[in-house]
Amino acid sequence: MRFRLPLSIFIFTKTPNKTEPLLHFPLSHIRTLTLISSPMAAEISAEDLAKYGFARPEMNTASLAFTVDPPLDRHVFLCYKSVADWPPKVEDSETDLLPKKFSGAIRGRKNDMKVKTRLTVCEADEKVDLLDGDVLTFPELIKYRGLKDEDVDSFVDEVLVSGKPWASGVGEALTTGFVFVCAHASRDKRCGVCGPILIDKFNEEIQSAGLHNQVIVSACSHIGGHKYAGNVIIFATDSEGKVVGDWYGYVTPDDVAELLAASFERKEIVDRLWRGRMGLSKDAAEENMVIPGKKEKQEEIKEKPLENGSQEIKEKPLENGSQEIKENAFTCCQGVNGISCCRDETPATNGVVENVKPKEAPEVQGKQACVTLPAWLGNWDHSNLLMAAAVVGAVAAVSVAYSHYKRSG
C-alpha cells in the first residue's frame with residue numbers, strides 16, 4: 001500500500017514561550033512513501049529517517065561508477081541468523097564462529113584460488129528456503145546446504161580452490177534471481193535505516209510484478225561504501241544468458257520498480273545508480289566500452305581541433321599509395337601568347353599571409369613556353385593576374401602591329 005504526502009513533516013517541541021519545530025523533514029526528496037511492514041523498518045524514527053535515510057545531505061553527491069572495492073570475480077554468501085543478531089563485524093566476531101572461520105579460511109587460501117572471491121553474510125529466512133549454514137555461490141548459481149564449523153576447510157579446499165564437488169554435500173542449482181540489500185544496522189546507521197525500507201519495497205514491487213517465484217530478496221552484511229546507502233546487489237542473467245552481479249548505490253524506494261524491470265525484464269543496467277559488476281574491472285570496461293552511458297564502441301575521431309580553433313585536415317590515401325591533399329593546391333592560368341601565371345595557393349597559417357615561392361608551371365606540349373612571373377606577383381589573386389596578362393598581351397599585340405606598320409611605311 002502506498003500513500004502520498006504533499007509537503008513536509010514537522011516534529012515540534014514546546015519551549016516556555018512558544019512551540020518551535022525541532023525537526024523539518026521535506027518530502028520533496030521522496031515522492032512515494034511505502035507503509036513499513038518489517039519489524040526493523042517499523043522501529044525507524046522520523047529523526048533517523050531524516051538524518052540517515054534517503055533525504056540526507058550526502059545523497060547523490062559522489063560518482064558511483066566503479067566504486068566496488070576491491071573488485072571481485074566470485075561472490076559467496078553465507079546464510080546466518082538474522083540481521084538484528086549480527087555484530088558490527090560479523091565475519092570477525094568471536095561469538096559467531098561459523099562466519100569467522102569461513103572468512104578466515106577464504107582469506108588464508110585466496111592466493112590458491114583462480115578467481116577473486118568475496119564472502120558476505122546474508123540473512124537466514126525459512127520463508128525463502130535459506131537456512132542457517134546454507135552457502136550461495138555466484139556466478140555459479142549453486143546452493144550448498146548446512147555448512148558447519150568443522151566442514152569449512154574442506155568446503156573451501158574442494159569447492160572454492162579446486163572447483164570440485166563438495167564431498168560433504170550436494171550442490172543445488174539456483175533457479176531464481178537474487179536481490180541483496182545491505183541492512184547492517186550495527187555496522188552503519190545509514191544502511192540500517194535505508195536497508196529495511198528497501199527490502200519492504202522490493203518485496204512489494206516483486207509481488208505487484210508477479211515475480212514472487214522468480215526473485216528472492218535478502219538482507220546482507222556490509223559490502224563497502226556505506227555512504228552510498230541504499231546499497232543493493234542484483235544477481236540476474238543478461239541478454240546472453242550469463243549470470244551477472246550488478247552493484248547499485250543511492251537507491252531509494254522510488255528506484256526499486258525501475259531496477260527490477262531493468263534487471264529481470266530488459267536485461268539492462270540503471271546507469272545513474274550503477275557502482276560496478278562482478279567480474280568486470282574498470283580497465284576491462286574501458287577497453288571494451290561497456291561503461292554505463294556508452295552503449296557501443298565509438299570510432300576514433302579523425303578530425304581534431306587545432307589551437308586556433310580550426311581543424312586539422314587529414315590526408316586521404318589514394319589507391320596507388322599517393323596522398324590526396326585537400327587544402328594545398330597548385331594552379332596555373334594560361335594567359336595570352338603562351339604566358340602562364342602560376343602560383344601556390346597554400347592557405348595562410350593562423351590568418352597570416354605568408355610569402356610563398358612561385359612554382360613553375362607544368363611543361364606544355366608544343367612551342368609554347370611557360371614563363372615564370374616575378375616573385376612580387378605571387379600574392380596577386382586570379383583576377384589581377386588575368387588583367388595584368390591581358391594588358392601585357394594587348395601591349396604586345398599593339399607593338400607587333402606598330403612594327404609591321406613601320407616596315408610597310
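Side-chain contact between P88 and H222: absent, with no pair of heavy atoms (C-beta onward) separated by less than 4.5 Å. Contact annotation: the side chain of Y228 approaches that of R275 to within less than 4.5 Å [non-hydrogen atoms, C-beta and beyond]. The closest side-chain heavy-atom distance from F235 to L136 is not below 4.5 Å. Between K143 and D129, some side-chain heavy-atom pair lies under the 4.5 Å cut-off. The closest side-chain heavy-atom distance from R145 to L131 is below 4.5 Å.
Classification of the W247-H75 ring pair by plane angle, with boundaries at 30° and 60°, yields parallel. Note: F180 and F77 have parallel aromatic rings, judged against thresholds of 30 and 60 degrees for the angle between ring planes.
Distance check: K148 NZ to E150 CD gives 7.0 Å after rounding to the nearest 0.5 Å. Interatomic distance, C182 SG to L198 CG, rounded to the nearest 0.5 Å: 10.5 Å. For the atom pair OG1 (T137) and CZ (R74), the distance works out to 7.5 Å, reported to the nearest 0.5 Å. Here the straight-line distance linking atom CG of L260 with atom CD of E265 works out to 8.0 Å at 0.5 Å rounding. Here I233 contributes atom CD1 and Y248 contributes atom OH; the two are 11.5 Å apart, rounded to the nearest 0.5 Å. The line from CD of E204 to CD1 of I199 is 14.0 Å long, rounded to the nearest 0.5 Å.
Of all the heavy atoms in T120 and S221, the pair that sits closest is CG2-OG, 3.4 Å. Taking both residues in full, the closest heavy atoms of V83 and A183 are given as CG2-O, 3.2 Å, listed atom of the first, atom of the second, then distance. Counting all heavy atoms, side chain and backbone alike, A105 lies closest to V156 at CB-CG2, 3.8 Å.
A salt bridge does not link K267 to D238: none of the charged side-chain nitrogens sits closer than 4.0 Å to a carboxylate oxygen. For D92 and K100, the salt-bridge test fails: no basic side-chain N is under 4.0 Å from an acidic carboxylate O. One finds a salt bridge joining K201 and E205 here, because a Lys/Arg side-chain nitrogen approaches an Asp/Glu carboxylate oxygen to under 4.0 Å. Salt bridge E258/R272: present, at least one basic N to carboxylate O contact under 4.0 Å. Ionic pairing of R109 and D112 is present here: one or more N-O contacts between side-chain nitrogen and carboxylate oxygen are shorter than 4.0 angstrom. The pair K242-E240 does not meet the salt-bridge criterion, since no charged nitrogen lies less than 4.0 angstrom from a carboxylate oxygen.
Between Y250 and W274, the distance separating the two ring centers is not shorter than 6.0 angstrom.
In the displayed structure, E126 atom CD is contacted under 6.0 Å by at most 12 heavy atoms of other residues, nucleotides or ligands.
Judged by distance alone, with hydrogens and angles left aside, the side-chain atoms of T117 form a donor-acceptor pair with the main-chain N or O of V115 at under 3.5 Å.
Side chains of D151 and S154: a donor-acceptor N/O pair is absent below 3.5 angstrom, by distance only.
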Steps toward side-chain contact (heavy atoms from CB on, under 4.5 Å) verdict (D255, V232)
CA-CA 11 Å; D255 302 317; V232 175; over 6 Å; no

Could you walk me through whether E123 and L130 satisfy the side-chain contact (heavy atoms from CB on, under 4.5 Å) test, starting with their C-alpha distance in whole Å, then the side-chain angles of each, then the deciding distance to 0.1 Å, before giving a yes or no?
CA-CA 8 Å; E123 193 170 40; L130 297 179; over 6 Å; no

Evaluation steps, side-chain contact (heavy atoms from CB on, under 4.5 Å), between V121 and E91
CA-CA 8 Å; V121 174; E91 297 91 350; 4.1 Å; yes

Full working for side-chain contact (heavy atoms from CB on, under 4.5 Å) between T252 and M59
CA-CA 10 Å; T252 72; M59 281 290 286; 3.7 Å; yes

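The one candidate from D125, D134, D96, D132 that meets the salt bridge (charged side-chain N to carboxylate O under 4.0 Å, His left out) condition with K81 is D96. If you run side chain to side chain contact (heavy atoms under 4.5 Å, CB included) between I234 and each of I269, L259, V251, V244, only L259 comes through.
Legend: ring pair (Phe, Tyr, Trp, His ring centres under 6.0 Å) pairs involving residues 81-131, not counting sequence neighbours, sorted by first then second residue: W86-H184, F102-F155.
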